[in-house]
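Right, one structure below, let's go through it.
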Amino acid sequence: MRLADCHNIEDFRALARARLPFPVFDYIDGAADDEITRARNTAAFAEVDLVPDVLAGVEHIDTSCTILGRRSPLPLMLSPTAVQRAFHWQGETAVARAAAKFGLWFGISSLATRSIEEIAALTSGPKLFQLYVHKDKGLNDHMIARCKAAGFDALALTVDTIVSGKRERCLRSGFTTPPRFTTRALWSYATRPRWTLDYLLRERFRLPNLETHVAEGTRKAVSIAEYFNTMLDVSMDWETAARIRENWGGTFVLKGVMSAGDARRAVEIGADAIMISNHGGRQLDGSRAPFDQLPEIVDAVGGKIEIICDGGIRRGTHVLKALCSGASAASGGRLYLYALAAAGEAGVARALAILKDEIERGMRLMGVKHIAELTPDRLRRR
Ligand SMILES: Cc1cc2nc3c(=O)[nH]c(=O)nc-3n(C[C@H](O)[C@H](O)[C@H](O)COP(=O)(O)O)c2cc1C
């Protein structure tokens with residue numbers, strides 16, 4: 001299988017599986033416990049059907065919408081994800097460049113393998129920094145100050161990772177940051193020489209936004225779960241979120257809100273947007289899918305705050321269904337991560353081109369010329 005054979009996100013997943021050692025693939029692909037929520041995130045979209053209108057004169061359509069106060073050419077964002085250098089040697093650079101090519105918002109994680117400054121220098125396009133609140137308050141302040149100085153356009157505070165989810169594939173594979181060659185997985189590394197040589201011979205794996213304050217993850221190999229459970233602040237609460245919003249002072253997103261009550265509180269503390277998200281099913285297994293939670297959250301806070309539906313998106317029609325349910329935009333991680341792992345920047349660019357094409361085709365087939373026409377009456381629950 002080659003990049004040219006990838007025609008949907010599932011194809012990129014298959015190519016990534018073939019090219020990555022299994023501990024790395026399983027870190028991307030895996031989720032918490034029985035992975036029920038991960039599966040549900042995508043399955044939820046299949047339980048509603050689109051109702052198209054015909055003869056709508058759809059030669060010219062406009063796929064643009066407002067995301068985090070800016071015009072975006074598509075109603076789609078690339079969610080922040082950790083340690084991308086482990087997936088492909090180009091890491092976040094590839095994702096930033098591909099996102100810039102399409103004019104899309106993308107996020108880098110606190111656990112990014114490129115620095116805030118490197119990413120800012122790469123693109124003047126819209127970019128978000130995802131903050132994990134660490135016990136080391138100096139580190140939190142330092143990351144926020146760096147984002148301000150580098151001109152990041154938004155800060156997303158992740159609120160669903162108070163402790164790590166139980167990611168059993170990672171427990172079995174022994175995946176760490178930086179990745180280590182375990183005897184269990186030696187065969188897999190040996191049979192993926194392209195990944196292994198790129199990992200060994202190209203620039204060193206680092207977590208440059210954290211290494212000023214912590215050795216874990218860069219100089220000391222730890223599992224992601226160990227990192228979260230030892231480094232992050234379990235006492236984080238609404239006051240912490242309000243303080244961080246104030247300290248940041250710019251466009252502020254709460255990532256990982258799932259209940260209508262929390263969505264209301266997000267409005268109260270002055271957040272500009274919420275990402276309805278369960279972290280791609282990697283945290284609380286058995287929790288609801290973001291798409292399923294949309295209607296009640298839209299009822300509670302629609303029109304008062306931007307609502308971004310994050311998780312499970314694999315198709316252009318999933319984006320359209322999220323918008324019909326009242327989301328301002330859709331966002332996803334694996335939809336570009338499989339492609340990054342499969343083929344670096346060219347892979348991500350191809351995945352985005354496919355999703356753009358699917359969104360445009362879907363709108364035309366729906367008889368929709370503008371995003372605002374994607375309304376709840378165009379959906380039916382089975
Ligand atoms: C490999 C991987 C790493 C992730 N790392 C982070 C992270 O560092 N910070 C964060 O807030 N979310 C992280 N996420 C969650 C994503 O931002 C996003 O919520 C999730 O991928 C959405 O689900 P989807 O993959 O089905 O699109 C990660 C997800 C994956 C798959």
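One-based numbering, in listed order, for ligands and for the atoms of each.
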Look at atom 5 (N) of ligand 1 and say which protein heavy atom is nearest, naming residue and atom and giving the distance to 0.1 Å. Ala82 N, 3.0 Å

Check each atom of ligand 1 against the heavy atoms of Thr158 and keep those under 4.0 Å away; list them by number with element. 10 (C), 11 (O)

Is there a nitrogen or oxygen of Thr81 sitting under 3.5 Å from a nitrogen or oxygen of ligand 1? no

Which residue owns the protein heavy atom closest to atom 8 (O) of ligand 1, what's the atom, and how far is it? Ser109 OG, 2.7 Å

Kindly compute the distance separating CG (Leu155) from CD1 (Ile244), expressed to the nearest 0.5 Å. 7.5 Å

Would you call Arg314 a ligand 1 contact, heavy-atom distance under 4.0 Å? yes

Tell me the protein heavy atom at minimum distance from atom 15 (C) of ligand 1, and give that distance in Å. His279 CD2, 3.5 Å

Does the ring center of Phe228 lie less than 6.0 Å from the ring center of His134? no

Nearest protein heavy atom to atom 23 (O) of ligand 1, by residue and atom, and its distance? Gly280 CA, 3.2 Å

If you draw the axis of the six-membered ring of Phe291, does the NZ or CZ of Arg40 fall within 45° of it and under 6.0 Å from the ring centre? no

Are Arg70 and Trp105 in a cation-pi setup, meaning NZ or CZ lies under 6.0 angstrom from the ring centre and within 45 degrees of the ring axis? yes

Please state whether the rings of Phe87 and Tyr27 are parallel, tilted or perpendicular, taking 30° and 60° as the class boundaries. tilted

Which of the numbered atoms in ligand 1 are below 4.0 angstrom from a heavy atom of Lys255? 10 (C), 11 (O), 12 (N), 15 (C), 16 (C), 17 (O), 18 (C), 19 (O)

Flag the pair Ser115 / Arg146 as yes when at least one side-chain heavy-atom distance between them is below 4.5 Å, and no otherwise. yes

Atom 26 (O) of ligand 1 [closest protein heavy-atom partner, distance rounded to 0.1 Å]: Gly312 N, 2.9 Å

Looking only at distances, can you tell me whether any N or O atom of Gly333, backbone or side chain, sits closer than 3.5 Å to an N or O atom of ligand 1? yes

Quick one: does Arg282 get within less than 4.0 Å of ligand 1, heavy atoms only? yes

Give yes or no for whether the N/O distance cutoff of 3.5 Å, strictly under, is met between Pro80 and ligand 1. yes

Angle between ring planes, Phe45 versus His318, binned at 30° and 60°: parallel, tilted or perpendicular? parallel

Find out whether Ser325 and Leu379 are in side-chain contact, i.e. whether some heavy atom of one side chain is under 4.5 Å from a heavy atom of the other. yes

Looking at atom 9 (N) of ligand 1, what's its closest protein heavy atom, distance included? Tyr132 OH, 2.9 Å

Can you check whether Ile313 has an N/O within less than 3.5 Å of an N/O in ligand 1? no

Answer yes or no for Leu337: is there a heavy-atom contact with ligand 1 below 4.0 Å? yes

Identify, by atom number and element, the atoms of ligand 1 in contact range of Ser277, meaning under 4.0 Å from any of its heavy atoms. 19 (O)

Is there side-chain contact between Leu210 and Tyr227, with at least one heavy-atom pair below 4.5 Å? yes

Hey, is ligand 1 close enough to Asp310 that some N/O pair sits below 3.5 Å? yes

For ligand 1, which part of Gln130 has a heavy atom less than 4.0 Å away: the side chain, the backbone, both, or neither? side chain

Determine whether any heavy atom of Asn41 lies closer than 4.0 Å to an atom of ligand 1. no

Just jot down the ligand 1 atoms closer than 4.0 angstrom to any heavy atom of Gly332, in number order. 27 (O)

Heavy atoms, side chains only, cut-off 4.5 Å: are Leu294 and Ile276 in contact? yes

Is any side-chain heavy atom of Val298 closer than 4.5 Å to one of Ile307? yes

Could you tell me whether ligand 1 has any atom less than 4.0 Å away from a heavy atom of Ile28? yes

Test item: Thr158 and His279 side chains (from C-beta on) under 4.5 Å apart, heavy atoms: yes

